[in-house]
Amino acid sequence: HNSTGGYRDFSQQNNQRLGGNVGWRISDNAETRMFFFFAQTDSELPGTLTKTQMRANPRQASAANKLRIDKRDFDYMRLGNKTSVKIGEGLLETSLYWAYKDLDHPIFNILTPTFATGPGTIDLVTNNIGGEVRWTGEHRLLDRRNQLVVGFNPSGSWGEDTRFENLNNTEARGRKFGEGTERALNIEAYVQNELWVTDTFAVVPGFQFSYAERNFKDRFLSDGDSSRNQDYLGYSPKLGFLWDATPKVRFFGNVSRSFEPPSFGEIKTFVASAGPPVFPRRLPRIITQELKEQTATTLEVGSRGEWDRLDWDATFYHAWVDNELLSLNDANGNPLGTINASPTLHTGLELGLRTRLWDGIFAQGEALPERDRIELRQVYTWSDFRFANSPVYGSNQLAGIPEHLYRAELLYRHPWGFYIGPNVEWSASRMPVDHANTYFASPFAIMGAKVGYESPRGFSLFIEGRNLLDTTYAATTGVVANAGGVDTAQFSPGDGFGLYGGFEWKY
């Protein structure tokens with residue numbers, strides 16, 4: 001159970017989750033396990049602010065959500081099974097799952113005497129089923145060590161999506177303006193082979209076939225039929241390598257293709273109803289749009305390992321993306337729908353470092369299991385995502401993605417289980433909130449610290465202070481096409497100063 005009053009106005013949350021599994025070892029070579037999970041969550045949504053509003057009072061809800069009508073409540077249940085059977089030098093794994101979700105999501109929509117905009121209240125019930133058959137075989141090929149992986153992964157879903165007018169300052173639903181049935185099918189088949197051509201170097205070719213269907217049947221036909229049936233076909237080859245330079249240092253790389261069909265949330269959008277205004281106002285209507293699948297060719301190289309007092313995990317990548325699925329809002333936060341963008345380029349670096357700076361400071365000797373130490377843990381991501389000579393946006397940076405993000409923690413650990421230390425999160429560059437790059441979220445740095453104890457018998461506790469300087473900053477932003485340099489309501493403030501504590505007991 002988790003409940004929170006929320007840092008901002010109208011941001012309370014109440015969540016219940018229950019999960020578990022039970023397994024049966026049928027024999028030395030076979031076992032099966034059933035999984036179950038249930039969640040019930042009720043969340044108030046405070047909405048986004050302008051930068052001026054955020055700086056003046058980051059705790060406030062947006063002007064629209066002061067009416068207290070924007071929420072996201074859902075029930076979720078999932079059942080699954082995984083069975084594994086060893087056959088010779090191989091492993092056959094099968095899985096099957098069913099998931100159910102009932103979403104009640106009143107989203108603010110602007111109401112005027114003559115017109116209503118936005119998606120209104122979403123009443124969406126969905127069922128998902130899927131499974132996978134996967135074979136992993138270890139055998140010799142060309143008298144070399146070899147691993148073959150072959151898999152088949154089908155899944156499908158069906159749902160009922162109904163939309164109602166969201167009436168201001170009330171939980172009552174207004175008039176219905178949309179209703180339809182969603183059907184989706186996804187089929188994937190893949191194969192990958194890892195051949196060690198030497199004792200330390202392997203080549204890893206792979207291939208994946210993907211097929212997807214998206215079928216929306218419009219059942220609210222008073223303003224036209226928006227039914228749509230689309231299918232998508234994709235092929236994703238891959239070629240990679242692994243090189244174990246030393247027993248503790250590995251280098252890797254690959255060139256691969258990716259394939260991503262759109263979701264129903266991206267296919268559906270909203271327009272004004274036809275005809276003159278009707279009493280008390282004209283409602284929006286759901287329409288569907290034809291979207292292409294998003295594809296990309298990605299080059300990736302990296303290394304992970306340890307040397308002396310240093311552990312690292314580093315990856316550099318560059319992706320050429322076609323038909324990227326970009327969802328846009330207008331200046332008031334209302335969805336404009338999803339588009340297939342002109343080609344984009346995604347270049348980035350992900351770097352994790354753990355350094356043992358000092359050890360044996362206060363605690364050392366044969367009576368202790370280990371010496372005390374001071375560790376510095378760092379994670380840095382560089383994300384340079386841009387349009388590739390777009391006729392509209394040129395080579396502008398994609399909105400909503402911080403280019404530089406750094407997190408670090410300096411921690412003292414004692415062999416008795418005590419630890420203490422400060423931490424920092426730093427977004428080092430401004431981030432555009434629009435693809436035209438006319439308005440930006442400011443850089444920020446937030447400081448924290450924590451102290452805790454971990455017992456070898458399974459008991460642990462901690463106290464943590466977050467945002468100790470009570471810095472006002474935008475944790476996330478919305479994304480718009482062109483803000484025109486105007487301070488629009490697209491900023492979601494991060495939490496201010498707070499103290500957190502907890503304990504855990506494992507037995």
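Any value given below was found using the heavy atoms of this structure, including those in side chains, with hydrogens, waters and symmetry copies removed. Just so it is clear, the model here is predicted, and its values are computed rather than measured.
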Discussion item. Could you report the tightest heavy-atom contact between Leu351 and Ala314, atom names first, then the distance?
Written reply: CD1-CB, 3.6 Å
Practice prompt. Might you work through the side-chain contact (heavy atoms from CB on, under 4.5 Å) test for Thr298 and His318, ending with a clear yes or no?
Written response: CA-CA 6 Å; Thr298 302; His318 182 82; over 6 Å; no
Practice prompt. Check the side chains of Arg257 and Thr297 for a donor-acceptor pair under 3.5 angstrom, ignoring hydrogens and angles.
Written response: yes
Worksheet entry | Distance-only donor-acceptor check, side chains Trp98 and Asn127, under 3.5 Å | yes
Item to complete: Looking only at non-hydrogen atoms, find the nearest pair between Ser226 and Thr288 and report the distance.
Response: O-OG1, 2.8 Å
Item to complete: Compute the centroid of each ring, for Tyr317 and then for His346, and state whether the two points are separated by less than 6.0 Å.
Response: no
Item to complete: Locate the shortest heavy-atom distance separating Asp495 from Tyr473; write the atom from each residue and the value.
Response: O-CE2, 3.8 Å
Practice prompt. State plainly whether the residues Glu454 and Arg413 are in salt-bridge range, i.e. N to O under 4.0 Å.
Written response: yes
Worksheet entry | Flag for Arg17-Tyr76: side-chain donor and acceptor within less than 3.5 Å | no
Worksheet entry | Check ion pair Arg144-Asp199 (N to O, under 4.0 angstrom) | yes
Response to the item:
Of all heavy-atom pairs linking Leu310 and Thr355, the shortest is CD1-OG1, 3.5 Å
Item to complete: Would you confirm whether Glu464, through its side chain, and Gly502, through its main-chain N or O, come within 3.5 Å as a donor-acceptor pair?
Response: no
Worksheet, complete the sentence: When every non-hydrogen atom of Trp196 is compared with those of Arg250, the smallest separation belongs to CH2-NH2, 3.6 Å
Response to the item:
Rounded to the nearest 0.5 angstrom, the CG-OH distance for Leu233 and Tyr211 is 8.0 Å
Worksheet item: Where does the angle between the aromatic ring planes of Phe201 and Phe241 fall among parallel (under 30°), tilted (30 to 60°) and perpendicular (over 60°)?
Response: parallel
Discussion item. Please report whether the ring centroid of Trp382 lies less than 6.0 Å from that of Tyr380.
Written reply: no
Worksheet entry | Of Asp104, Thr162, Thr121, the residue whose pairing with Arg173 passes side chain to side chain donor-acceptor pair (under 3.5 Å) | Asp104
Item to complete: Determine, step by step, whether Asn146 and Asn193 satisfy the side chain to side chain donor-acceptor pair (under 3.5 Å) criterion, reporting the C-alpha distance in whole Å, the side-chain angles of both residues, the deciding distance to 0.1 Å, and the verdict.
Response: CA-CA 7 Å; Asn146 190 80; Asn193 193 76; 2.8 Å; yes
Practice prompt. Test side-chain contact (heavy atoms from CB on, under 4.5 Å) on Ile107 and Ile122 and set out the steps.
Written response: CA-CA 7 Å; Ile107 299 178; Ile122 302 174; 3.7 Å; yes
Worksheet entry | Heavy-atom check, side chain of Tyr412 versus side chain of His414, under 4.5 Å | yes
Worksheet item: Is Asp161 paired with Lys268 through a side-chain N to carboxylate O contact shorter than 4.0 Å?
Response: yes
Practice prompt. Would you mind checking if Glu213 and Arg183 are paired as a salt bridge, meaning a charged N to carboxylate O distance below 4.0 Å?
Written response: no
Worksheet item: Donor-acceptor pair, Glu324 side chain versus Val321 backbone, under 3.5 Å?
Response: no
Fill in: Ser455 side chain to Ser460 backbone, donor-acceptor under 3.5 Å
no
Fill in: More than 12 heavy atoms from other groups under 6.0 Å of CH2 on Trp158
yes
Worksheet item: Is Arg304 salt-bridged to Asp313, cutoff N-O under 4.0 Å?
Response: yes
Item to complete: Run the salt-bridge test on Asp359 and Arg309 with the 4.0 Å N-O cut-off and return the result as yes or no.
Response: yes
Worksheet, complete the sentence: On a heavy-atom basis, the closest approach of Ala202 and Glu194 is CB-CG, 4.3 Å
Fill in: Test side chain to side chain donor-acceptor pair (under 3.5 Å) applied to Tyr406 and Gln378, step by step
CA-CA 7 Å; Tyr406 174 78; Gln378 305 173 84; 2.7 Å; yes
Item to complete: Please report the C-alpha distance between Gln230 and Tyr232 in whole Å, then the side-chain angles of each, then the deciding distance to 0.1 Å, and finally whether the side chain to side chain donor-acceptor pair (under 3.5 Å) criterion is met.
Response: CA-CA 7 Å; Gln230 293 181 236; Tyr232 303 89; 2.7 Å; yes
Worksheet item: With a 4.5 Å heavy-atom cut-off, do Phe462 and Tyr419 have their side chains touching?
Response: yes
Practice prompt. Report yes or no: is the cationic atom of Lys101 (NZ for Lys, CZ for Arg) under 6.0 Å from the centre of the six-membered ring of Phe74, at an angle within 45° of the ring normal?
Written response: yes
Discussion item. Checking the side chain of His105 only, and the main-chain atoms of Lys71 only, is there a donor and an acceptor separated by less than 3.5 Å?
Written reply: yes
Discussion item. I'd like to know if the side chain of Thr338 pairs up with that of Ser327 as donor and acceptor (distance under 3.5 Å, no hydrogens or angles considered).
Written reply: yes
Fill in: side-chain contact (heavy atoms from CB on, under 4.5 Å) between Ser303 and Trp312, worked out
CA-CA 8 Å; Ser303 173; Trp312 70 89; 3.0 Å; yes
Worksheet item: Tyr97 ring centre to Arg78 NZ or CZ under 6.0 Å, with the angle to the axis within 45°?
Response: yes
Worksheet item: Counting only heavy atoms not in Trp320, do more than 12 fall under 6.0 Å of its CH2?
Response: yes
Worksheet item: Ion pair present between Glu409 and Arg407, side-chain N to carboxylate O less than 4.0 angstrom?
Response: no
Worksheet item: Do Arg72 and Leu103 pass the side-chain contact (heavy atoms from CB on, under 4.5 Å) test, and can you show the C-alpha distance, the side-chain angles, and the key distance before you say yes or no?
Response: CA-CA 7 Å; Arg72 181 172 58 241; Leu103 172 67; 3.8 Å; yes
Worksheet item: Which word best sums up how the rings of Trp505 and Tyr507 line up, parallel for under 30°, tilted for 30 to 60°, or perpendicular for over 60°?
Response: tilted
Worksheet item: Is the shortest distance from a Lys or Arg side-chain nitrogen in Glu182 or Lys217 to a carboxylate oxygen in the other one below 4.0 Å?
Response: no
